[in-house]
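Down below is the structure, laid out as structure tokens.
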Amino acid sequence: MPQELQLQVSPVIAANEQLLYEQVAQLVRVSPKLVHKVVILKRSIDARQKAIKVNLKVSVYLIDEKYKEQPIELPDYQNVANKQEVIIVGAGPAGLFAALQLIELGLKPIVIERGKDVRGRRRDLKAINVDHIVNEDSNYCFGEGGAGTYSDGKLYTRSKKRGDVDRILRLLVGFGATPDILVEAHPHIGTNKLPQIIQDIREKIIECGGKVLFETRVVDFIIKNNEMQGVVTQNGDTIAANKLILATGHSARDIFELLDRKKILIEAKPFALGVRAEHPQELIDRIQYSCDFRGEYLPPAPYSIVKQVNGRGMYSFCMCPGGVIAPCATSPGEVVTNGWSPSKRDQATANSGIVIELKLEDFKPFAKFGALAGMEFQKSIEQKAWHLAGETQKVPAQRMVDFTQNKVSTSIPKTSYVPGTTSVEMGQVFPGFLAQILREGFVEFGKAMRGYMTNDAILHAPESRTSSPVRIPRDNETLEHLQIKGLYPCGEGAGFAGGIISAAIDGEKCALKIAEALQ
């Protein structure tokens, strides 16, 4: 039987197979010649001490023990072309993994996506970056794969349901992701590699008899006697089904407005909002690794900070080592930032959202909008930022120390944000209480990470799409909407997920509940 070991080694040993085998042999008290195979099960970096270590969980096979690599295979997806149809609105991770699960369960998914396929989206991303043109249906948030496709591909989740997480990771590997994501403590695919994986998932759905409709926006729900009957698209077409998974993502404001108009129960939800801070990656490496140069065996360093400031949580969000900041507006007349990293995380800068927890009481000035109060609060900040930065996709920007001292920065260096920046005193972008918390919070961050608070760090505003400002309530057991039978609110847009993995898990859960209901 193979032995499982937990060990700590230097980054050099972790990167060198021969040295690792020698270290393992020493621990199990045999000659290195007798070590047949060392399989790494989990890997993480411990940078808490000056001597950085790599934590490994490994399985050790000696020379007389057989090791057979287990290839990861996709489930035996059946053909569902003539099976009962289920509508899925949204082709993000929740929608796509719901579709795959439905196929496994013998049901036919009809995926309706307002945006373009992953290849077609690229032209619209270029338009927003270079020409400052926002396509309301095709952008960094809308289109095949959802917001995650072109905004990093992080696969870390705080979900405790590890079995579910491992299943999603294995499916991603089956569709072409590197097997390393099964091993790393904070797995990451990369924006450059995720599109092909998403395309392969779509092709599998179609191959099995499912449908995927692009550039098809849902503008109405057909409901009779509080039961879902189907949808109406922007072309006036009707698509009928009495089971619908609503997986439209956290930025589908028109869907929230449609639900509100039709008096379908939704509620305001707190979210977090702030700025995106960009540092030189070398600076973050020096802080986190306590060295002048990280060398070839360590990855670009991430960071994570959480502080309580004036009774509010202020924390780093979606930190992107070796990454860039992207323009993520979904309508003209607003600016929004987000960050992403390529698979190698080899860009010269590191960025992270630095955000503050909001409370429902913060939305009181927008109380007349009812359940959409948080959305209108969010929208007002994005629109104000657009005006302040010059009414293009340029963003308000300020050096970090200048911001804490209420000084307009006399110059802003070129950052990774391609549309450009405008020097603005960013206290103008946010309500006074938020600006004050951010100022005090950055001082606290600087104490936690010496060297973090510097004028070499550039703040971009706003980072406002951290999660949905609306929750679409559902029954805890059936996952159906509390009011509309056959409607399954799902994923980030409904307020039940936060990121690729948790959204995919929620999509699968909704598909399973639909299959149960149809038995």
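Atom set for the values below is all heavy atoms of this structure, side chains included, hydrogens, waters and symmetry mates excluded. Throughout, numbering of the chain's residues begins at 1 and tracks the sequence.
Side-chain contact check for Val443 versus Met453: some heavy-atom pair is nearer than 4.5 Å. Put simply, the side chain of Ile189 reaches to within 4.5 Å of the side chain of Ile181, judged on heavy atoms. The shortest side-chain heavy-atom distance between Phe175 and Gln196 does not fall under the 4.5 Å cut-off. Using a 4.5 Å heavy-atom threshold, the side chains of Pro300 and Arg294 count as touching. With contacts defined as side-chain heavy-atom distances shorter than 4.5 Å, the pair Asn55/Gln6 does not qualify. Inter-residue side-chain proximity for Tyr140 and Asn129 is flagged as met; some heavy-atom pair is nearer than 4.5 Å. By the 4.5 Å heavy-atom criterion applied to side chains, Tyr297 and Ser10 are not counted as neighbours. Side-chain atoms of Ser316 and Tyr303, non-hydrogen and from C-beta on, do get closer than 4.5 Å to each other.
With salt bridges taken as basic N to acidic carboxylate O contacts below 4.0 Å, one links Arg439 and Glu425. A salt bridge links Arg253 with Glu334: at least one charged nitrogen is closer than 4.0 Å to a carboxylate oxygen. The residues Asp164 and Lys509 are annotated as not salt-bridged, no charged nitrogen and carboxylate oxygen being separated by less than 4.0 angstrom.
Using modelled atom types, no side-chain atom of Arg471 and backbone atom of Lys269 make a donor-acceptor pair closer than 3.5 Å. No side-chain donor-acceptor contact under 3.5 Å links Ser468 to the backbone of Ala494. Thr349 contributes a side-chain N or O that, together with a main-chain N or O of Gly323, makes up a donor-acceptor pair within less than 3.5 Å. Not one N or O on the side chain of Ser467 forms a donor-acceptor pair closer than 3.5 Å with the backbone of Phe271. Side chain of Asp285 to main chain of Ala301: a donor-acceptor pair is present (N/O by atom type, distance under 3.5 Å, no hydrogens or angles). Using a distance-only test at 3.5 Å, with no hydrogens or angles considered, no donor-acceptor pair links the side chain of Trp340 to the main chain of Ile325. When atom types are taken as modelled, the side chain of Ser502 and the backbone of Ala497 share no donor-acceptor pair closer than 3.5 angstrom. Judged purely by atom type and a 3.5 angstrom limit, Arg121 uses its side chain to pair as donor or acceptor with the backbone of Asn139. No side-chain donor-acceptor contact under 3.5 Å links Glu267 to the backbone of Pro473. Using modelled atom types, one side-chain atom of His279 and one backbone atom of Tyr452 make a donor-acceptor pair closer than 3.5 Å.
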List the steps and the verdict of side chain to side chain contact (heavy atoms under 4.5 Å, CB included) for Leu194 and Ile500.
-> CA-CA 11 Å; Leu194 202 50; Ile500 291 172; 4.1 Å; yes
Stepwise side chain to side chain contact (heavy atoms under 4.5 Å, CB included) check, Leu459 with Phe442 = CA-CA 11 Å; Leu459 307 182; Phe442 278 121; 3.7 Å; yes
Check the pair Arg202 / Glu113 against salt bridge (charged side-chain N to carboxylate O under 4.0 Å, His left out), numbers first and verdict last.
-> CA-CA 12 Å; Arg202 176 237 303 167; Glu113 170 55 51; over 6 Å; no
From CA spacing to verdict: ring-ring contact (aromatic ring centres under 6.0 Å, His included), Phe256, Phe369 | CA-CA 12 Å; Phe256 299 147; Phe369 295 101; over 10 Å; no
Carefully, step by step, assess Glu382 and Lys379 under the rule salt bridge (charged side-chain N to carboxylate O under 4.0 Å, His left out).
-> CA-CA 5 Å; Glu382 294 168 1; Lys379 194 189 296 185; over 6 Å; no
What do the steps show when you test Phe97 against Leu172 for side chain to side chain contact (heavy atoms under 4.5 Å, CB included), and what is the final call?
-> CA-CA 10 Å; Phe97 278 84; Leu172 286 167; 3.9 Å; yes
Kindly indicate, with the supporting measurements, whether the criterion salt bridge (charged side-chain N to carboxylate O under 4.0 Å, His left out) is fulfilled by Glu440 and Lys447.
-> CA-CA 11 Å; Glu440 293 180 25; Lys447 293 175 184 175; over 6 Å; no
Val429 and Gln398: side chain to side chain contact (heavy atoms under 4.5 Å, CB included), yes or no, with the steps?
-> CA-CA 11 Å; Val429 177; Gln398 193 169 10; over 6 Å; no
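Residue pairs that meet the side-chain hydrogen bond (donor to acceptor under 3.5 Å, both in side chains) test with at least one member in residues 354-372, sequence neighbours left out, are Arg312-Asp362.
The local environment of CD in Gln405 is crowded, with over 12 non-hydrogen atoms from other residues, nucleotides or ligands closer than 6.0 Å.
Of all the heavy atoms in Leu7 and Leu20, the pair that sits closest is CD1-CD1, 4.4 Å. Residues Tyr21 and Val38 approach most closely at OH-N, 3.1 Å, considering heavy atoms. In plain terms, the two heavy atoms of Gln347 and Val324 that are nearest each other are CG-CG1, 3.9 Å. The minimum heavy-atom distance between Arg399 and Pro413, with the atom names listed, is NH2-CD, 3.3 Å. Shown here for Thr330 and Ser251, the closest heavy-atom pair between the two residues is CG2-CB, 4.1 Å. In plain terms, the two heavy atoms of Cys320 and Gly339 that are nearest each other are SG-C, 3.4 Å.
With hydrogens and angles left out, the side-chain atoms of Glu22 and Gln26 include no donor and acceptor closer than 3.5 Å. For the residue pair Ser341 / His188, no side-chain donor-acceptor distance below 3.5 Å is found, with atom types taken as modelled. No hydrogens or angles considered: nothing links the side chains of Gln281 and Arg345 as a donor-acceptor pair under 3.5 Å. Side-chain atoms of Arg123 and Asn135 include no donor-acceptor pair closer than 3.5 Å.
Across Lys50, Arg48, Arg43, a single residue satisfies salt bridge (charged side-chain N to carboxylate O under 4.0 Å, His left out) together with Asp46, and that is Arg48. Residue Met314 is tested with Val309, Val355, Leu434 for a side chain to side chain contact (heavy atoms under 4.5 Å, CB included); the sole match is Val309. The side chain to side chain contact (heavy atoms under 4.5 Å, CB included) with Ser409 is formed by just one residue from the set Thr421, Val401, Asp402; it is Asp402.
For the atom pair Asp137 CG and Ser331 OG, the distance stands at 9.5 Å (nearest 0.5 Å). We find the CD1-CD distance between Ile201 and Glu144 to be 9.0 Å, quoted to the nearest 0.5 Å. Note that the CG atom of Asp260 and the CE atom of Met375 stand 8.5 Å from one another [nearest 0.5 Å]. Distance check, rounded to the nearest 0.5 Å: OG1 of Thr337 to CD of Gln393 gives 11.0 Å. Rounded to the nearest 0.5 angstrom, Glu278 CD and Ser352 OG are separated by 11.5 Å. Once rounded to the nearest 0.5 Å, the distance linking CD1 of Ile266 with CD of Glu257 reads 9.0 Å.
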